[in-house]
Amino acid sequence: MNFSFEIAKTDATGARRGKLTTPHGSIATPFFMPVGTAATVKGLTQGALEDLGAEIILANTYHLYLRPGHELIRRLGGLHRFMSWPRAILTDSGGFQVFSLAQLRKITEDGVRFRSHLDGSEHLLTPEKAAEIQLALGSDIAMVLDECIETPAPRDAAEAALRRTTAWARRARAFFLACASRNGELAQWQFGIVQGATFADLRRESARQLLELDFPGYAIGGLAVGEPHAMTCEVTQEVAALLPKDRPRYLMGVGRPEQIADYVALGIDMMDCVLPTRAARHACLYTSQGRVLIKNARYAQDLGPIDGECSCAVCRRYSRAYLRHLFAAGEITAAILATHHNVHFYLDIMRQIREAIEFGNLAKFSSAMHARYAAGPA
Ligand SMILES: [Zn+2]
């Protein structure tokens, strides 16, 4: 069996610690996926990612389809080989980027027609096409195409998007099952995505409809897009309660460092977010004591590390004063070092969370993080 998911321990909050196995290695759950949009996590080499202990990264189907093209990547041996990344990869469906980046979108029952944000060329992304692209990329986990709507969404828009998302999931599943097996073994895992905006009944309906399609894992999409954190948690809890206990649950696009443990406590096993990498490029560093805005003049003569509790290569070697100088001088090394630290920080949070589940003190870990981050940037 190429793929499996095992839960080793569940704590009193509902958090789960386990292991997801793919043909490119096993990943300790719950985990966080650094985002490697265009087959690279901006600012980090694959060697650095391996050293940081990343066991899985996310790559964007939309970006790779437009450039360099999925057929080219397939001819060159697939995404793992192309980018020289031996560990697991999850690809999104491309839908979120089509809805947020592309121009002149036209949604029909068939799919979504859009113009590339790069050169204006016209494309049609259908559920089958999104599955086909991801099979060509050869990612370990693929996502079905869903309709992403703006929030807050009016109820009729959320209902229409939900109907389409289910219809598209059916087509994606049928297409995938018809062509995903190689030598009788599954080459990829395909996950469904629960939608329904912030309407609890629509979320439940979406989950029920997708369960009929028997996906090996389920994602919760369309959250953390501007609604309050308490609402994100409420909807996540509603959906997670309906999802099969023995399958991985993926909350898409989250989250801030202090929120991660909250999602894990709701039974979430997988997360991804551009925050650690994007914030790093904007001189925002995450630390055990809260956010550090390193460009601040108060760090100009600070010889201390970014985070005194951090064991990353950057904190062991460089000072806050040096980091601040690099950002002030516009040196690319600034982004590289900051990204290294932030990704280490996120992966370390996940290590601490998995340990907290083991020892039954996740709630304590979570409230300590909230307290530190509520204090604001140092
Ligand atoms: Zn560090």
Side-chain angles (χ1 to χ4, degrees), residues 32-39 41-42 56-67 70 79 89-108 111-118 123-134 137 139 141-153 157-158 160-162 164-169 171-172 190-198 202-203 206 210 215 217-227 232 235-236 239 249-256 263 268 270-278:
F32 176 86
M33 295 177 276
V35 177
T37 301
V41 175
K42 291 186 204 310
I56 181 168
I57 59 168
L58 179 147
N60 286 123
T61 292
Y62 170 86
H63 290 280
L64 295 174
Y65 161 71
L66 290 179
R67 184 173 60 193
H70 61 293
L79 187 54
I89 300 174
L90 179 146
T91 44
D92 60 8
S93 69
F96 185 78
Q97 278 72 31
V98 167
F99 287 99
S100 59
L101 286 179
Q103 298 139 10
L104 292 173
R105 298 178 303 271
K106 190 174 182 324
I107 305 159
T108 63
V112 51
R113 193 171 287 282
F114 65 96
R115 281 189 191 280
S116 158
H117 74 292
L118 296 174
H123 303 265
L124 174 67
L125 187 65
T126 63
E128 292 83 3
K129 183 81 184 176
E132 182 198 324
I133 297 169
Q134 293 176 84
L137 295 174
S139 55
I141 300 175
M143 306 302 299
V144 295
L145 182 67
D146 57 339
E147 182 176 345
C148 308
I149 53 173
E150 285 176 23
T151 52
L162 169 54
R164 205 169 276 137
T165 291
T166 300
W168 285 358
R171 283 165 52 191
Q190 184 190 46
F191 283 14
I193 308 177
V194 175
Q195 287 288 353
T198 50
L202 295 186
R203 286 280 175 180
S206 176
L210 293 179
F215 287 100
Y218 290 88
I220 306 173
L223 286 179
V225 285
E227 79 281 1
T232 315
V235 177
T236 300
V239 177
R249 302 161 181 168
Y250 167 25
L251 183 57
M252 306 179 84
V254 297
R256 300 209 323 233
Y263 302 132
I268 295 300
M270 313 166 50
M271 286 160 281
D272 77 283
C273 193
V274 293
L275 202 56
T277 44
R278 182 176 289 166

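Along the sequence shown, residues are numbered consecutively beginning with 1.
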Quick check: closest heavy atoms across [X] and [Y], and the distance to 0.1 Å?
| X | Y | value |
| --- | --- | --- |
| F191 | F215 | C-CD2, 3.7 Å |
| A38 | L64 | C-CD2, 3.8 Å |
| V235 | A197 | CG1-O, 4.1 Å |
| V254 | A224 | CG1-CB, 3.5 Å |
| G192 | V144 | CA-CG2, 3.8 Å |
| A161 | I149 | CB-CG2, 3.7 Å |

[X] side, atom [atom1]; [Y] side, atom [atom2] - distance, nearest 0.5 Å:
| X | Y | atom1 | atom2 | result |
| --- | --- | --- | --- | --- |
| L223 | Q195 | CG | CD | 8.0 Å |
| L79 | Q134 | CG | CD | 11.0 Å |
| H63 | S116 | NE2 | OG | 10.0 Å |
| L251 | I268 | CG | CD1 | 5.0 Å |
| R249 | I220 | CZ | CD1 | 8.0 Å |
| L125 | I133 | CG | CD1 | 5.5 Å |

Sorted by chain and residue number, the side chain to side chain contact (heavy atoms under 4.5 Å, CB included) partners of E132 (sequence neighbours excluded) come out as H70, E71, K129, F175
For the pair I141 and M270, evaluate side chain to side chain contact (heavy atoms under 4.5 Å, CB included) and give the outcome as yes or no after the intermediate values. CA-CA 12 Å; I141 300 175; M270 313 166 50; 4.2 Å; yes
Min side-chain heavy-atom separation [X]-[Y] under 4.5 Å:
| X | Y | result |
| --- | --- | --- |
| K42 | T277 | no |
| T108 | R113 | no |
| L90 | D272 | no |
| F99 | E147 | yes |
| M143 | F96 | no |
| T165 | I193 | no |

Donor-acceptor pair, [X] side chain versus [Y] backbone, under 3.5 Å?
| X | Y | result |
| --- | --- | --- |
| Q190 | A131 | no |
| Y218 | L210 | yes |
| T166 | L162 | yes |
| R203 | V194 | yes |

So for atom CZ, which belongs to R256, do other residues, nucleotides or ligands contribute more than 12 heavy atoms lying within a distance under 6.0 Å? no
Check: Relative to each other, are the rings of Y65 and H123 parallel, tilted or perpendicular (30° and 60° limits)?
Finding: perpendicular
With sequence neighbours left out, the residues meeting salt bridge (charged side-chain N to carboxylate O under 4.0 Å, His left out) with R115 are E122
Contacts satisfying side chain to side chain donor-acceptor pair (under 3.5 Å) that involve residues 92-102 (not counting sequence neighbours) are N60-D92
